[in-house]
Amino acid sequence: MTILSIDTSNYPFGVALIEEDKVIGEYITYMKKNHSVRAMPAVEQLLKDCGVGAKELTKIVVANGPGSYTGVRIGVTLAKTLAWSLNIPLIPVSSLATLASSGRYFPGYIVPLFDARRGQVYSGLYEFQGDRLVCVEEDRNIMLDEWVTKLKELDKDVLFVGNDVSIHKCMIKEVLGDQARIAPFVSHNPRPSELAYIGLGLKEMTAHEVLPNYIRMAEAEVKWLESKKKSE
C-alpha cells in the first residue's frame with residue numbers, strides 16, 4: 001500500500017508518500033507562491049526521490065478545504081486527475097483536521113484556524129481520543145469573537161494551531177486568558193503525512209465523487225446573487 005497525499009489548500013504546501021506503516025517522503029513549504037506552478041513538479045520529484053513509480057500508488061489523499069478558494073481547487077483538481085488517470089481511489093480530508101493533527105499530544109481541545117478576513121475564521125474543534133483524531137464541533141466559517149466566546153463556555157484548555165493564529169492572538173487571549181494555549185510556531189504548518197494518515201481511516205471515493213469544500217461562497221458569488229435578487 002503506497003499513498004500519496006496532497007495539500008495546497010493554503011499558503012503551506014505539502015506532499016507526502018507513506019508506505020504501509022512508515023513515511024518514506026515528505027515535502028513542506030510555507031511560501032506565498034502559486035501552487036499551480038509547483039504542485040505537479042513537487043509530486044514528480046517526490047516520487048523520483050523515493051523511487052516510486054506513479055503506477056505503484058494505491059490511493060491518493062487530498063486536503064479538500066476549507067481554505068484559499070484557488071488553493072483548494074488546485075489540490076483537488078490535481079488529485080482528481082491523478083486518481084482518475086491511475087484508476088485508484090481518492091480520499092478527501094478536511095484541511096482543518098489535517099492542521100489539528102499537529103496537536104496530537106495535547107490533552108485538551110484543539111482548534112485549528114485559518115483567517116477568513118473581516119473578523120472571520122475557518123475553524124473547528126477537535127481532540128485526540130487515544131491515537132484517533134475526533135471532530136467535536138464541525139468545521140465552520142464564523143466570526144472570531146463569537147467563536148472564542150463559545151470556546152470559553154467549554155471550561156477546558158484549548159490549543160490553537162495554524163499560521164494565522166498570530167493575526168488573532170490578542171482577541172483569543174483577551175477572551176480565553178490562560179484557557180488558551182498557542183502551539184509553537186513549528187506546529188503551524190499542516191503535515192501532509194498526517195493528512196495521509198487520517199485518510200487511512202476514511203471512506204474511499206472515486207475521483208468524480210470528490211469535490212472541494214469551501215464552506216462559504218466566494219465573495220464574487222455572493223455579489224452575483226445579491227445583484228440577481230435586486231434585478232428580479
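Residue indices begin at 1 and follow the sequence shown.
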key: Smallest separation among heavy atoms of Thr206 and Glu209, with atom names   = N-OE1, 2.8 Å

query = If you measure from OG on Ser95 to CG on Asp7, what distance do you get to the nearest 0.5 Å?
reply = 5.5 Å

Worked verdict on Gln120 versus Ile142 for side chain to side chain contact (heavy atoms under 4.5 Å, CB included) = CA-CA 5 Å; Gln120 301 176 83; Ile142 189 171; over 6 Å; no

task = Might you point out which heavy atoms bring Thr98 and Arg191 nearest each other, and give the distance in Å?
result = CG2-O, 3.6 Å

query = Can you name the side chain to side chain donor-acceptor pair (under 3.5 Å) partners of Ser5, sequence neighbours left out?
reply = none

query = Does Tyr126 share a hydrophobic cluster with Leu176, counting links as ILVMFWY side-chain heavy atoms below 4.5 Å and allowing steps through other members?
reply = no

task = Please report the C-alpha distance between Ile198 and Val61 in whole Å, then the side-chain angles of each, then the deciding distance to 0.1 Å, and finally whether the side chain to side chain contact (heavy atoms under 4.5 Å, CB included) criterion is met.
result = CA-CA 9 Å; Ile198 295 171; Val61 180; over 6 Å; no

task = With sequence neighbours excluded, tell me which residues meet salt bridge (charged side-chain N to carboxylate O under 4.0 Å, His left out) with Lys80.
result = none

remark   = side-chain hydrogen bond (donor to acceptor under 3.5 Å, both in side chains) pairs touching residues 52-68, sequence neighbours excluded, are Lys59-Glu204

Table please: side-chain donor-acceptor pairs of residues 38-46 below 3.5 Å, with sequence neighbours left out.
residue	atom	partner	partner atom	Å
Arg38	NH2	Thr29	OG1	2.8
Gln45	NE2	Asp49	OD1	2.8

key: Spatial distance of atom SG (Cys50) from atom CG (Leu4) [nearest 0.5 Å]   = 10.0 Å

message = Please tell me whether Tyr214 and Tyr69 form a close aromatic pair, meaning their ring centres lie under 6.0 Å apart.
response = yes

task = Indicate yes or no for a side-chain donor-acceptor contact from Arg118 to the backbone of Ala116 under 3.5 Å, with no hydrogens or angles considered.
result = no

request  = Considering non-hydrogen atoms only, spot the tightest contact between Leu159 and Gly103 and give its length.
outcome  = CD2-CA, 3.8 Å

Joint cluster assignment, Phe128 & Val134, ILVMFWY side-chain distance < 4.5 Å = no

request  = Report yes if the side chains of Val62 and Leu78 come closer than 4.5 Å at any heavy-atom pair, otherwise no.
outcome  = no

ask   = Does Phe114 share a hydrophobic cluster with Leu195, counting links as ILVMFWY side-chain heavy atoms below 4.5 Å and allowing steps through other members?
value = yes

key: Remaining members of the apolar cluster that contains Tyr105, side-chain heavy atoms under 4.5 Å   = none

inquiry  = When you compare the side chain of Tyr109 with that of Glu137, does any pair of heavy atoms fall below 4.5 Å?
reply    = no

message = Using the salt bridge (charged side-chain N to carboxylate O under 4.0 Å, His left out) criterion, which residues pair with Glu146? Sequence neighbours excluded.
response = none

key: For Lys156, salt bridge (charged side-chain N to carboxylate O under 4.0 Å, His left out) partners two or more places apart   = Glu127

key: Gap separating the OG atom of Ser102 from the CD atom of Glu194, nearest 0.5 angstrom   = 7.0 Å

request  = Look at the side-chain heavy atoms of Ile, Leu, Val, Met, Phe, Trp and Tyr, link any pair under 4.5 Å apart, and say whether Ile24 and Ile6 land in one connected group.
outcome  = yes

ask   = Considering only heavy atoms from C-beta outward, does the side chain of Tyr122 approach that of Asn10 to under 4.5 Å?
value = no

ask   = Between Ala196 and Ile3, what is the shortest heavy-atom contact and its length?
value = CB-CG2, 4.3 Å

ask   = Does a sphere of radius 6.0 Å around NZ in Lys152 hold more than 12 heavy atoms from other residues, nucleotides or ligands, not counting ones at 6.0 Å or beyond?
value = yes

Listing, residues 84-94 side-chain donor-acceptor contacts under 3.5 Å, not counting sequence neighbours, or none:
residue	atom	partner	partner atom	Å
Ser85	OG	Thr81	O	3.0
Ser85	OG	Leu82	O	3.1
Ser94	OG	Leu96	N	3.1
Ser94	OG	Ala97	N	3.1
Ser94	OG	Asp139	OD2	2.5

Side-chain (Glu20) to main-chain (Met1) donor-acceptor, under 3.5 angstrom = yes

ask   = For the side chain of Ser9 and the backbone of Gly65, is there at least one donor-acceptor N/O pair under 3.5 Å apart?
value = no

key: In one Ile/Leu/Val/Met/Phe/Trp/Tyr side-chain cluster, 4.5 Å: Tyr197, Phe106   = yes

request  = Could you list all the side-chain hydrogen bond (donor to acceptor under 3.5 Å, both in side chains) pairs where at least one residue sits in residues 175-185, not counting sequence neighbours?
outcome  = Asp157-Arg181

ask   = Hydrophobic clusters join Ile, Leu, Val, Met, Phe, Trp and Tyr when side-chain heavy atoms are under 4.5 Å apart, directly or via other members; which others share one with Tyr11?
value = Tyr30

note = Output for pair (Thr2 OG1, Ile18 CD1), nearest 0.5 Å, gives 9.0 Å

inquiry  = If we check side chain to side chain contact (heavy atoms under 4.5 Å, CB included) with Val111, which of these qualifies: Leu99, Val148, Leu125, Val121?
reply    = Leu125

remark   = Hits for salt bridge (charged side-chain N to carboxylate O under 4.0 Å, His left out) against Arg73, two or more places apart or cross-chain, chain-then-number order -> none

note = Between the NE2 atom in His35 and the CD1 atom in Ile74, the distance rounded to the nearest 0.5 Å is 7.0 Å

request  = List the steps and the verdict of side chain to side chain contact (heavy atoms under 4.5 Å, CB included) for Leu47 and Leu17.
outcome  = CA-CA 8 Å; Leu47 292 172; Leu17 277 172; 3.8 Å; yes

remark   = All heavy atoms of Gly75 vs all of Thr8, minimum pair found to be N-OG1, 2.8 Å

Side-chain donor-acceptor distances from residues 165-174 under 3.5 Å, at least two apart:
residue	atom	partner	partner atom	Å
Ser166	OG	Asn163	O	3.3
His168	NE2	Asp115	OD1	2.8
Lys173	NZ	Ala180	O	3.0

